[in-house]
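Let me begin by presenting the structure, written as structure tokens, before commenting on it.
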Number of protein chains: 2
Amino acid sequence: MSVNKTKKADIVTVAKAARVSASTVSRYFNHPELLKPATRKKIDSAVRRTGYIRNRAAQTIHGIRSGTIGVLIPTLDHAIFAEVVQAFSETVEAQGFTILLASHGYDLQREYAILRKFLEHRVDGVVLTGLDHDEAVFQLLDSQDIPCVLMWNYAAQSRFPAIGADNELAGQMIAAHVLALGHRRIACMFPPTFGNDRALARRDVVLDTLQGAGVEVPDHWMLQTVYSISESKRDAQQLLSQANPPTALICGNDILATGALYGAKASGLSVPEDVSIVGIGDFKGSSDIEPALTTVRLPAKRIGQEAGKELAMAIVDPSARGGASLHCAPELITRQSSAAPAR
Amino acid sequence: MSVNKTKKADIVTVAKAARVSASTVSRYFNHPELLKPATRKKIDSAVRRTGYIRNRAAQTIHGIRSGTIGVLIPTLDHAIFAEVVQAFSETVEAQGFTILLASHGYDLQREYAILRKFLEHRVDGVVLTGLDHDEAVFQLLDSQDIPCVLMWNYAAQSRFPAIGADNELAGQMIAAHVLALGHRRIACMFPPTFGNDRALARRDVVLDTLQGAGVEVPDHWMLQTVYSISESKRDAQQLLSQANPPTALICGNDILATGALYGAKASGLSVPEDVSIVGIGDFKGSSDIEPALTTVRLPAKRIGQEAGKELAMAIVDPSARGGASLHCAPELITRQSSAAPAR
DNA sequence: TCGAATTATGAAAACATTTGCAAAACTATT
DNA sequence: AATAGTTTTGCAAATGTTTTCATAATTCGA
């Protein structure tokens, strides 16, 4: 329908329209202070008339930054990652970057393939989620020299700067909380840990902490439940309706805990009187659910922002490379879903 | 740390290493069937040795597709958009596209600016969220000739192909449901509608439907509540603890409804005996909350997939342009949170 | 074993920019 | 009014590819 100006306007179209050379138009965009005002005005009008839009691809092959950052996450379907990405993207957008986003669904092979694609697009930097990645991914990153940060998880030493929360600490905190309340008959519900170092770290440290206090979790109280409210509701219901149920249930994340809360209710148990239920994460609804969920806050928004700041900085000023890791500390949030066991 | 091979490998580096010409290397990637196996093998090894990664920017300036799609949403913080984006991205990734993602936070000015940036990156196509956009946005899209689809919302006629659910229909369905149960004392809770055509459409049609049945919603039962469980919990609590409260509360989305459910409980009311509460959306947790939420399902995943299919198709085969809109029908999901009013 | 037909490869132009260098156009100074 | 100095602009080369056209290498039939 629209009048197709035969060809898309390029820089020489604009140059002709403004009766200047292409170089001058280029300077108009990149070093406007070098032009005299009259020329600037001419070009301004020519740009408007021709509908010219700069071509970053053409700039990029001159070694100029592409203005893109590759963001690689497991999935957006977990609200918590969506939140991190949102915060990250807002932060780097403010600095003029646009993000390339892709999710690997916990498939390490795909992660590598996606990273390659990002590099083909000549992203200026890359964010990966979590600390554990295929060795090939790290090597690829090493061989290119673009900055990379590992977001979400934190550890003292890591292959690239890590910005996130210490998941082991989070697990330890919640386990310690449950123990401190006096629970000894404790069940756990964790997501499948394959390809998911965060979940794995949390689970192991919870178990260790309990064990350290002399509490063994029997196998049939060690639930593995996929990330889904309905699944966790079902599993919790089944667990809690057995004879002699646990007095506390530690969930690997708040989604599982939310489902467990529903499951407890469906089993006719009250929380926290009959059973304490705790999560990890402090997701959006966790403070408002009834009863409000005791959990460990992982500061998603802050993590996204800090990662964005750090990466943008590393890109803009590559001299200050080797950026530092940053721990966004988890925090125990005690609410109504946990209490001392009835005796 | 890593041994920096002085310069990044480009196609001529590879060519030299393989003792062939640059053209041959180019063909190796784009028309491998033209090379004889021996040459292919030589280049294969040279690519590996040099660590060469193709430069899409350089291809793009030849008019070759960039392999990117710009996705423009209000925010990822609403789980429902995250879900749509995830489905969309999976669908187009399978076709080799990578997405550029940005959010405008309901700011029309920013939407325009982001679109321009997408175009500078020479995206092969664009997805916008919702039907309403600044006229400048539409004009810009018209002037470029890349395909665009409007995702999430549906209307019979729209500026570009629309793939989504009819929000007016959804609003009408939920209002009709509440009326059919016999309610007449009905309150509404909707998000701020500024810059948000979806919310606006829903609200207006709900009101119209109620009015059509002779039900007026008094001003003080017309709540405007930001998208947040805690806010809606508070507002609902306040509403429901007044003397002579409504027997039903229609919420503009499931997040508000979830908060309202908590608010009702906190006010000591039972749902649905004392008050029916319904939402729109059928978000992830809505079926599992206690009581399970009556709502109208907006098929986010399907919308994302269909939009992805349509856009990828329009890009790959531009002859079949002028793609059609597609209605992904909303569906009333009756669960426990709604019932006939007690009398 | 030769020439024709076919297949594989290379040289060079094209793509949309940026940039170093040099020329042109101004200003200021005398 | 001429010169020196400064500011503004244009030319041409460069960037990393793809592609057209031409040439070189191979295959095949006689």
Side-chain angles (χ1 to χ4, degrees), chain A residues 5-44 46-47 50-68 117 119-124 144, chain B residues 5-44 46-47 50-68 116-117 119-124 144 146:
Chain A
K5 290 290 184 197
T6 47
K7 270 276 143 237
K8 284 269 187 52
D10 69 1
I11 209 174
V12 338
T13 316
V14 177
K16 280 193 186 120
R19 317 185 153 282
V20 297
S21 74
S23 343
T24 306
V25 178
S26 172
R27 275 187 279 259
Y28 166 81
F29 287 110
N30 300 303
H31 313 281
E33 74 284 0
L34 294 181
L35 300 196
K36 68 185 199 194
T39 321
R40 236 176 295 171
K41 208 156 293 171
K42 275 195 297 184
I43 298 180
D44 200 65
V47 167
T50 54
Y52 170 68
I53 292 185
R54 301 175 74 183
N55 186 337
R56 288 204 89 127
Q59 307 182 246
T60 300
I61 65 172
H62 284 270
I64 289 167
R65 289 204 306 265
S66 67
T68 57
K117 210 181 276 172
L119 294 173
E120 290 185 1
H121 285 292
R122 293 299 187 264
V123 293
D124 298 329
Q144 309 305 108
Chain B
K5 290 287 183 197
T6 46
K7 269 276 144 233
K8 282 272 189 46
D10 68 1
I11 209 175
V12 336
T13 316
V14 177
K16 277 191 187 125
R19 317 185 153 283
V20 298
S21 75
S23 341
T24 305
V25 178
S26 173
R27 272 188 281 260
Y28 167 81
F29 287 110
N30 300 304
H31 313 282
E33 74 284 359
L34 294 181
L35 299 195
K36 71 184 197 195
T39 321
R40 234 176 296 169
K41 208 156 293 169
K42 275 196 297 185
I43 298 180
D44 200 67
V47 167
T50 54
Y52 170 68
I53 292 185
R54 302 175 74 183
N55 186 335
R56 289 205 88 127
Q59 308 181 244
T60 300
I61 65 173
H62 283 268
I64 289 168
R65 291 203 305 266
S66 69
T68 57
R116 277 199 80 94
K117 211 180 277 176
L119 294 173
E120 291 185 0
H121 284 291
R122 294 299 187 264
V123 292
D124 298 328
Q144 308 304 109
I146 59 170

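Lettering of chains follows the sequences in order, A, B, ..., and the numbering in each one begins at 1.
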Gln59(B) vs dT17(D): side-chain N/O to OP1/OP2 distance below 4.0 Å: no

Below 4.0 Å: OP1/OP2 of dT18(C) and any side-chain N or O of Arg54(A):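 Checking Arg54(A) against dT18(C): at least one side-chain N or O falls below 4.0 Å of OP1 or OP2.
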
Could you list the residues that satisfy side chain to side chain contact (heavy atoms under 4.5 Å, CB included) with [X], not counting sequence neighbours?
X: Asp10(A); value: Val12(A), Thr13(A)
X: Ala46(B); value: Val14(B), Ala17(B), Ala18(B), Arg49(B)
X: Ser26(B); value: Ile11(B), Asn30(B)
X: Thr68(B); value: Leu100(A), His121(A), Ser66(B), Leu100(B), Val123(B)

Thr39(A) side-chain N/O to Leu35(A) backbone N/O, donor-acceptor pair under 3.5 Å: no

Within residues 23-35 of chain B: residues closer than 4.0 Å to DNA chain C (heavy atoms):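 Hits under 4.0 Å, by residue number: Ser23(B), Thr24(B), Arg27(B), Leu34(B), Leu35(B).
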
Salt bridge (Lys or Arg N to Asp or Glu O under 4.0 Å) contacts in which one or both residues fall within residues 23-43 of chain B, not counting sequence neighbours: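 Sorted result for residues 23-43 of chain B: empty, none.
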
Full working for side chain to side chain contact (heavy atoms under 4.5 Å, CB included) between Arg122(A) and Arg56(B): CA-CA 8 Å; Arg122(A) 293 299 187 264; Arg56(B) 289 205 88 127; over 6 Å; no

Angle between terminal axes - the helix from dT1(C)-dA30(D) to dT30(C)-dA1(D), 5 pairs each end, rounded to 10°: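 Computed from the C1' atoms at both ends, the axes differ by 30°.
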
side-chain hydrogen bond (donor to acceptor under 3.5 Å, both in side chains) partners of Arg19(B), counting only residues at least two apart: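 Counting only residues at least two positions away or on another chain, Arg19(B) forms no side-chain hydrogen bond (donor to acceptor under 3.5 Å, both in side chains).
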
Sugar-phosphate only, base, or nothing, as touched by Thr60(B) at under 4.0 Å among non-hydrogen atoms: nothing

